[in-house]
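Note that the numbering runs from 1 along the sequence shown for the chain. This one's a predicted model, so the numbers in the text were calculated from it and none came from an experiment.
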Amino acid sequence: MAAPVYPAWVVRWVSGQWRQKKRPPVIRPTRPLVLANKVANRREQAGEASCITEMSVMMACWKRNDFNDTACAEEIRMFYDCVAKAEKEHKNQSEDALSPRGSFPSSKVNKLLRRFPQITRYV
């Protein structure tokens with residue numbers, strides 16, 4: 001008696017070939033899939049420059065008066081007042097606060113990661 005002839009799809013289904021086509025390839029990571037306990041130290045991007053107009057007014061006055069400080073005393077005082085105000089605002093910004101981009105600085109992230117390290121013994 002001759003062996004029964006099955007359709008091709010039955011042969012593939014029985015042999016498991018249909019599974020290989022439908023499964024995604026197995027990806028094995030080179031490193032463990034956990035967060036590191038520190039991030040790279042990145043410099044914060046410089047914000048916009050302050051007191052540019054006062055500085056340009058002061059330099060224009062110097063140019064008009066052949067770099068004489070006594071003739072430009074008012075402009076110099078305005079520039080120094082602006083610089084003092086900008087430094088005061090910069091010091092008032094706390095490190096705990098978010099940056100203008102909406103993210104923490106890397107030093108703050110590293111402090112938090114040291115305080116709450118990643119659990120790796122179960123991974």
Side-chain angles (χ1 to χ4, degrees):
M1 184 171 202
V5 178
Y6 296 107
W9 68 269
V10 174
V11 174
R12 283 194 307 269
W13 184 63
V14 170
S15 67
Q17 291 176 354
W18 66 277
R19 282 191 220 111
Q20 293 173 356
K21 293 180 184 174
K22 302 214 188 262
R23 281 189 197 158
V26 176
I27 299 173
R28 293 183 182 91
T30 57
R31 297 181 190 176
L33 298 175
V34 293
L35 293 175
N37 285 325
K38 63 180 180 176
V39 295
N41 286 327
R42 304 222 181 242
R43 288 187 56 139
E44 290 295 315
Q45 291 190 0
E48 60 184 57
S50 56
C51 305
I52 296 296
T53 56
E54 287 82 357
M55 187 185 334
S56 62
V57 168
M58 180 182 69
M59 289 184 174
C61 180
W62 276 344
K63 187 175 182 181
R64 277 194 316 264
N65 296 313
D66 294 327
F67 300 97
N68 186 1
D69 284 344
T70 56
C72 300
E74 181 65 23
E75 287 83 358
I76 293 171
R77 186 190 58 75
M78 286 175 42
F79 174 68
Y80 281 132
D81 289 346
C82 179
V83 169
K85 180 181 169 188
E87 286 179 353
K88 185 177 178 183
E89 288 176 4
H90 182 69
K91 285 184 181 179
N92 286 342
Q93 289 180 347
S94 173
E95 189 176 324
D96 294 340
L98 293 175
S99 69
R101 294 177 304 172
S103 60
F104 286 114
S106 59
S107 59
K108 180 67 176 173
V109 172
N110 282 332
K111 284 181 187 176
L112 288 171
L113 287 173
R114 265 188 258 122
R115 189 170 171 197
F116 304 104
Q118 299 298 310
I119 299 173
T120 56
R121 60 182 170 263
Y122 299 119
V123 177

Next item on the list: State, without any angle test, whether Trp62 and Asp69 hold a side-chain donor-acceptor pair at a distance under 3.5 Å.
Entry: yes
Checklist line | Leu113 and Pro117, any side-chain heavy atoms less than 4.5 Å apart | finding: no
Next item on the list: State plainly whether the residues Lys85 and Asp81 are in salt-bridge range, i.e. N to O under 4.0 Å.
Entry: no
So which atom in [X] and which in [Y] form the shortest heavy-atom distance, rounded to 0.1 Å?
{"X": "Cys51", "Y": "Ala86", "result": "SG-CB, 4.5 Å"}
{"X": "Met78", "Y": "Glu54", "result": "O-CG, 4.2 Å"}
{"X": "Asn110", "Y": "Lys38", "result": "OD1-CA, 3.2 Å"}
{"X": "Gln118", "Y": "Asn37", "result": "N-OD1, 3.0 Å"}
{"X": "Glu75", "Y": "Met58", "result": "CB-CA, 4.0 Å"}

When rounded to the nearest 0.5 angstrom, what distance separates [atom1] in [X] from [atom2] in [Y]?
{"X": "Asn68", "Y": "Cys61", "atom1": "CG", "atom2": "SG", "value": "8.5 Å"}
{"X": "Lys63", "Y": "Ser56", "atom1": "NZ", "atom2": "OG", "value": "12.5 Å"}
{"X": "Phe79", "Y": "Met59", "atom1": "CZ", "atom2": "CE", "value": "7.0 Å"}

